[in-house]
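Notes to accompany the following structure.
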Amino acid sequence: MANSLPRQNFHADSEAAINRQINLDLYSSYVYQSMAMYYERDDVALCGFSKFFKQQSDIEKGQAEKLMEYQNKRGGRIVLQTVQKPENDEWGSGLEGMQMAVSLEKSINQSLLELYGVAEKHGDEHLGDFIEDHFLGKQVDTLKAMSDYVTQLTNVGPGLGEFQFDQKLQGAEILINFLNRINGFEDIRIMYIDLVLQACVACQAFASRCPTTWGSRSPFTFLWIALSGGVGITKPGGVGITKPGGVGITKFRG
């Protein structure tokens, strides 16, 4: 056990468990990075999947860094281990990649639950609260979103269905990047991404009915117009939820 002035009620088991979680998060980031580069290949060309998995890689790396900062804050010592090579170099179809991601996220979730259990065992309420506040809830949200993606990819099938889903992921990337630049939207981000993507689909249907005016436009043109205007994303009949300062995102009726 390391000697440190700020160290208090921080058991060696908790310190070791945090180091194991750091290693798992770095491994997960490594896997997602491999997946992102695979789907970007010219013979795969699923750029939406590539961007999605690149974002997951960044998230996992960020979680590892957050745990490192916490380790130092509590007076523990960071002990980095060798990061294991990803099991695969090729990840198959988009569906197969998403299924692998669900399996990986379940492993991460189980490890976090075990870390939480170590904190409870040694009466470390601070560590337990930290894991619960910063990781457990988000992990459940991620698992649900990825599981939904697996179901949707299964339903649409390969070929054109997979291509259209890939376009959906690219639209989600636009919105996520936008929301990440605005403070205070973290709690509503997941809730409204799918709503906006539904709007993109509706816009595409509208464009097909008005080929002269909108037929050549991307379905995401409407999204860019809304974002560049800085006044939210709107649809006639919508009910808006607005952040103080005048920037809003609209929830749709129907």
Side-chain angles (χ1 to χ4, degrees), residues 1-33 52-84 86 100-149 176-177 179-194 241 243-245 249:
M1 183 182 296
N3 294 320
S4 175
L5 288 176
R7 188 171 190 130
Q8 182 181 20
N9 192 34
F10 190 51
H11 199 276
D13 290 347
S14 299
E15 181 179 5
I18 289 174
N19 281 325
R20 288 194 297 271
Q21 186 65 43
I22 290 169
N23 183 262
L24 178 57
D25 285 340
L26 291 175
Y27 166 74
S28 301
S29 177
Y30 202 14
V31 171
Y32 282 132
Q33 184 70 50
F52 175 79
F53 289 125
K54 177 61 169 66
Q55 184 191 33
Q56 295 306 311
S57 176
D58 292 342
I59 288 172
E60 294 302 328
K61 181 182 177 184
Q63 289 182 348
E65 291 174 348
K66 185 175 292 186
L67 285 166
M68 291 181 200
E69 292 170 359
Y70 182 82
Q71 186 85 294
N72 281 337
K73 185 181 295 185
R74 291 297 303 275
R77 294 296 178 260
I78 299 166
V79 180
L80 296 179
Q81 304 293 332
T82 301
V83 178
Q84 181 182 345
M100 174 62 195
V102 169
S103 177
L104 181 58
E105 291 298 329
K106 284 184 177 180
S107 298
I108 297 169
N109 189 53
Q110 183 60 39
S111 179
L112 287 168
L113 291 172
E114 291 171 1
L115 176 56
Y116 185 83
V118 171
E120 277 196 323
K121 176 182 176 181
H122 295 291
D124 192 338
E125 295 181 359
H126 192 283
L127 175 57
D129 288 345
F130 176 78
I131 297 301
E132 186 173 2
D133 292 345
H134 293 279
F135 298 98
L136 293 182
K138 293 179 181 179
Q139 200 63 36
V140 171
D141 291 339
T142 299
L143 267 171
K144 176 60 169 66
M146 288 186 176
S147 298
D148 287 350
Y149 287 168
I176 290 168
N177 288 339
L179 291 180
N180 281 339
R181 291 197 295 269
I182 303 177
N183 294 326
F185 272 108
E186 184 172 349
D187 292 338
I188 67 170
R189 180 180 303 140
I190 295 176
M191 184 185 305
Y192 287 99
I193 285 175
D194 279 342
I241 292 182
K243 179 188 174 186
I249 292 183

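The structure presented is a predicted model; accordingly, all values stated were derived computationally and were not measured. What's counted below: heavy atoms across the whole structure, side chains too, no hydrogens, waters or symmetry copies.
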Close side-chain approach of F135 to I108, heavy-atom, < 4.5 Å
no
Going by side-chain contact (heavy atoms from CB on, under 4.5 Å), name the residues that satisfy it together with L113, two or more places apart in sequence or in a different chain.
N109, Q110, L136
Enter the distance from L112:CG to Q21:CD here, rounded to the nearest 0.5 Å.
4.0 Å
CA sep, side-chain torsions, deciding dist, call: D141, K144, side-chain contact (heavy atoms from CB on, under 4.5 Å)
CA-CA 5 Å; D141 291 339; K144 176 60 169 66; 5.9 Å; no
Taken to the nearest 0.5 Å, the spacing of E114 CD from R20 CZ works out to 8.0 Å
Give a yes or no answer on whether the side chain of N72 reaches the backbone of I78 with a donor-acceptor pair at less than 3.5 Å.
no
Locate the shortest heavy-atom distance separating R7 from G76; write the atom from each residue and the value.
NH1-CA, 3.7 Å
Donor-acceptor contact present, side-chain Q71 to main-chain E15, <3.5 Å:
yes
Nearest 0.5 Å, what's the CG-CG distance between L115 and N19?
10.5 Å
Once rounded to the nearest 0.5 Å, what's the spacing between atom CG of D25 and atom OG of S57?
11.0 Å
ring-ring contact (aromatic ring centres under 6.0 Å, His included) pairs, two or more places apart, involving residues 104-123
H11-H122
Going by atom type alone, with no hydrogens or angles, which donor-acceptor pairs under 3.5 Å involve a side-chain atom of residues 58-68 and a protein atom two or more places apart or on another chain?
{"unit_1": "D58", "atom_1": "OD1", "unit_2": "K54", "atom_2": "NZ", "d": "3.0"}
{"unit_1": "D58", "atom_1": "OD2", "unit_2": "K54", "atom_2": "NZ", "d": "3.1"}

Does S14 have any side chain to side chain donor-acceptor pair (under 3.5 Å) partners at least two apart in sequence or in another chain, and if so, which?
none
What are the two closest non-hydrogen atoms of P6 and G75, and how far apart are they?
CG-CA, 4.1 Å
F52 vs M146 side-chain heavy atoms within contact, under 4.5 Å
yes
With N23, which residues qualify under side-chain contact (heavy atoms from CB on, under 4.5 Å), at least two apart?
Q81, V83
Stepwise, does the side-chain contact (heavy atoms from CB on, under 4.5 Å) test hold for E125 with N9?
CA-CA 9 Å; E125 295 181 359; N9 192 34; over 6 Å; no
So NZ of K106 and OG of S147: to nearest 0.5 Å the spacing works out to 6.5 Å
Scanning both residues in full, the closest heavy-atom pair of G128 with A119 reads N-CB, 3.8 Å
Considering all heavy atoms of both residues, which atom of L24 and which atom of S107 are nearest to each other, and what is their separation?
CD2-O, 3.9 Å
Any ring-ring contact (aromatic ring centres under 6.0 Å, His included) involving residues 60-82? Give me the pairs, sequence neighbours left out, ordered by first then second residue.
Y70-H126, Y70-F130
Tell me the closest heavy-atom pair linking L104 and S28, and the distance in Å.
CD1-OG, 3.7 Å
If every non-hydrogen atom of A101 is compared with every non-hydrogen atom of F53, which pair is closest and at what distance?
CB-CE2, 3.8 Å
